[in-house]
Peer 1: 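Right, I'll just put the structure down here and ask away after.
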There are 2 protein chains.
Amino acid sequence: MTRTKTFHHGNLRRALIEAALNLLDAEGSAGVTIRAVAAKAGVSHAAPANHFRDRKALLTAVAKAEFEQISEHINSGLASRTKDRARIFLDTIANYAFAHPNRYDLLWRSDLVDHADADLAPLLDSLYASLCTELAREPNHAGRDIDTVAVALWSMMHGYVALRLSGMFEPAEDRVTGEPRYDALMSLLLPAAKPASSRMGKRSARKP
Amino acid sequence: MTRTKTFHHGNLRRALIEAALNLLDAEGSAGVTIRAVAAKAGVSHAAPANHFRDRKALLTAVAKAEFEQISEHINSGLASRTKDRARIFLDTIANYAFAHPNRYDLLWRSDLVDHADADLAPLLDSLYASLCTELAREPNHAGRDIDTVAVALWSMMHGYVALRLSGMFEPAEDRVTGEPRYDALMSLLLPAAKPASSRMGKRSARKP
DNA sequence: CTTGAAAATTGACACTGTCAATATGGCGCA
DNA sequence: TGCGCCATATTGACAGTGTCAATTTTCAAG
């Protein structure tokens with residue numbers, strides 16, 4: 001507590017992040033103005049400047065908090081499960097995206113979030129490494145680069161979610177299997193990642 | 001010409017779209033302000049209001065022009081080719097994205113572009129239908145829904161491009177095959193789309 | 001207590017999108 | 001030819017934005 005807690009407002013930083021998150025859910029990222037956030041936290045319009053260099057820094061902090069939340073969801077979902085762990089990893093993110101579209105949209109808005117931020121970047125690296133770890137544990141990845149499989153899975157999940165949220169692709173299901181489209185996509189790609197026998201690799205696609 | 005051409009400026013509408021495109025390339029979508037576009041076109045700050053209801057309408061027109069451009073690139077790339085036509089379709093969009101990142105970013109920014117616009121939506125439908133047509137022409141899609149394959153391919157392409165442009169995933173290549181990551185992703189998914197024998201379907205995933 | 005620095009406020013600035021009121025120009029019609 | 005009309009463009013204004021400088025408030029260490 002040498003730095004946080006106590007003082008005029010009593011940890012305004014966290015209050016600002018929470019206010020920003022509420023505005024984000026209610027009005028989208030465009031509604032998260034510094035002045036609106038400050039008002040919601042009950043301080044003057046210039047108060048946030050003491051805790052965040054500019055609007056991008058504030059939104060980057062929000063994104064960091066959300067990526068941490070996602071990580072926790074993944075870890076708790078993964079606990080005690082031993083099968084299809086990579087699939088659970090991806091499903092957790094996709095479910096989060098459809099449950100909180102405004103938040104997910106912010107996470108990848110590179111004009112609003114600094115993905116190279118010293119606090120945020122390690123979280124992204126860690127998430128990616130986590131997916132690779134799960135993939136490496138699974139059996140048959142015959143002659144497949146783990147990174148390639150990880151990037152393929154994450155790309156397809158993100159692409160489908162992003163295009164859905166943009167209005168492309170209506171919610172639909174596979175006409176032959178009848179399962180939700182998202183599941184059909186995973187059923188299509190996951191078997192391709194492990195064709196026959198076994199042999200594995202390490203990871204290093206992100207920031208190599 | 002009953003409406004366009006002639007008058008004070010001589011088709012200001014097109015000039016504004018071109019000015020917006022220049023600003024988009026140079027400064028990103030945030031730099032495309034109505035006032036900057038107007039200045040670049042040599043008119044006053046309120047002149048664009050006669051041609052576009054608001055900023056979103058202007059940017060939607062820019063997006064429409066770009067989707068038309070992409071369509072042309074696809075059609076000219078497809079002309080006279082008979083093999084891997086779906087692959088060419090996807091590659092054309094991916095190449096466009098990496099060549100013009102600011103433009104590609106705009107295309108899917110649903111806060112800046114109205115994807116349900118009466119002029120734009122048919123273009124998106126047409127593009128999607130075009131991919132489905134190419135897939136339907138290809139041989140073995142054993143027991144696979146064409147829509148599911150189309151959505152899978154487009155999702156993976158878009159997801160990879162979007163995440164690359166956001167800073168996730170550095171450019172890299174498959175460690176076992178040595179090919180560029182994008183090609184490795186396609187090599188992974190394309191064979192999965194056509195496992196063994198044949199049988200086909202129709203299309204209807206977008207706006208069903 | 002005093003004092004000094006962190007935190008918060010106030011006020012200002014340039015910039016944005018958009019609206020209302022006004023001016024301008026070209027075309028149809030007499 | 002000249003008149004008038006309406007689409008087009010301009011000017012001016014407004015509220016709202018992020019950010020900066022100057023000032024005041026508050027806490028805690030000395």
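Naming: A, B, ... by sequence-line order, numbering from 1 per chain.
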Peer 1: Just compare dA9(D), dT19(D), dT9(C) and give me whichever is closest to any side-chain atom of Leu12(B).
Peer 2: dA9(D)

Peer 1: Has Arg137(A) got a side-chain atom pairing as donor or acceptor with Thr133(A)'s backbone, closer than 3.5 angstrom?
Peer 2: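 Side chain of Arg137(A) to backbone of Thr133(A): no pair is present.
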
Peer 1: Could you tell me the separation between the CD1 atom of Ile34(B) and the C1' atom of dA9(D), rounded to a whole number of Å?
Peer 2: 15 Å

Peer 1: When the distance from CG of Leu112(A) to P of dG18(D) is rounded to whole Å, what number comes out?
Peer 2: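 Leu112(A) atom CG is separated from dG18(D) atom P by 11 Å.
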
Peer 1: When only distance counts, do a donor and an acceptor, one from the side chain of Asn50(B) and one from the base of dA7(D), lie under 3.5 Å apart?
Peer 2: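 Absent.
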
Peer 1: Counting just side-chain N and O atoms, does His45(B) come under 4.0 Å of either OP1 or OP2 of dG12(D)?
Peer 2: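 Result: no.
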
Peer 1: For Ala162(A), does its backbone N or O pair with a side-chain atom of Ser166(A) as donor and acceptor, under 3.5 Å?
Peer 2: yes

Peer 1: Take the protein atom CG of Leu58(A) and the nucleotide atom C1' of dT19(D), then report the distance between them rounded to whole Å.
Peer 2: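 In whole Å, dT19(D) C1' and Leu58(A) CG are 14 Å from each other.
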
Peer 1: Rounded to the nearest angstrom, tell me the gap between atom NZ in Lys56(B) and atom C1' in dT16(C).
Peer 2: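 One finds 17 Å between C1' of dT16(C) and NZ of Lys56(B), rounded.
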
Peer 1: Counting distance only, does the side-chain N/O of His115(B) pair as donor-acceptor with the main-chain N or O of Leu107(B) below 3.5 Å?
Peer 2: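 Between the backbone of Leu107(B) and the side chain of His115(B) there is a qualifying donor-acceptor contact (under 3.5 Å).
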
Peer 1: For Asp111(B) and dT16(C), what is the distance between atoms CG and C1' respectively, to the nearest whole Å?
Peer 2: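 Result: 15 Å.
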
Peer 1: Give the rounded distance in Å between these two atoms: CG of Leu16(A) and P of dA7(C).
Peer 2: 12 Å

Peer 1: Verify, without hydrogens or angle tests, whether Thr148(A) (side chain) and Ala184(B) (backbone) share a donor-acceptor contact under 3.5 angstrom.
Peer 2: no

Peer 1: Starting from the C-alpha separation in whole Å, work towards a yes-or-no answer on side chain to side chain donor-acceptor pair (under 3.5 Å) for Asp114(B) and Thr60(B).
Peer 2: CA-CA 6 Å; Asp114(B) 178 14; Thr60(B) 298; 5.7 Å; no

Peer 1: Report the distance from atom CZ of Phe52(B) to atom C1' of dC19(C), rounded to the nearest whole Å.
Peer 2: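 The answer, rounded to whole Å, is 19 Å.
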
Peer 1: Check this for me: does the side-chain of Arg35(A) come within 3.5 Å of the base of dT19(D) through a donor and an acceptor?
Peer 2: yes

Peer 1: Thr33(A) side chain N/O closer than 4.0 Å to the phosphate oxygens (OP1, OP2) of dT17(D)?
Peer 2: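 It does, given that an N or O in the side chain of Thr33(A) lies less than 4.0 Å from OP1 or OP2 of dT17(D).
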
Peer 1: Output the rounded distance in Å from CZ (Arg13(A)) to P (dA6(C)).
Peer 2: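 To the nearest whole Å, that distance equals 16 Å.
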
Peer 1: Base, sugar-phosphate, or nothing for Arg55(A), non-hydrogen atoms under 4.0 angstrom?
Peer 2: sugar-phosphate

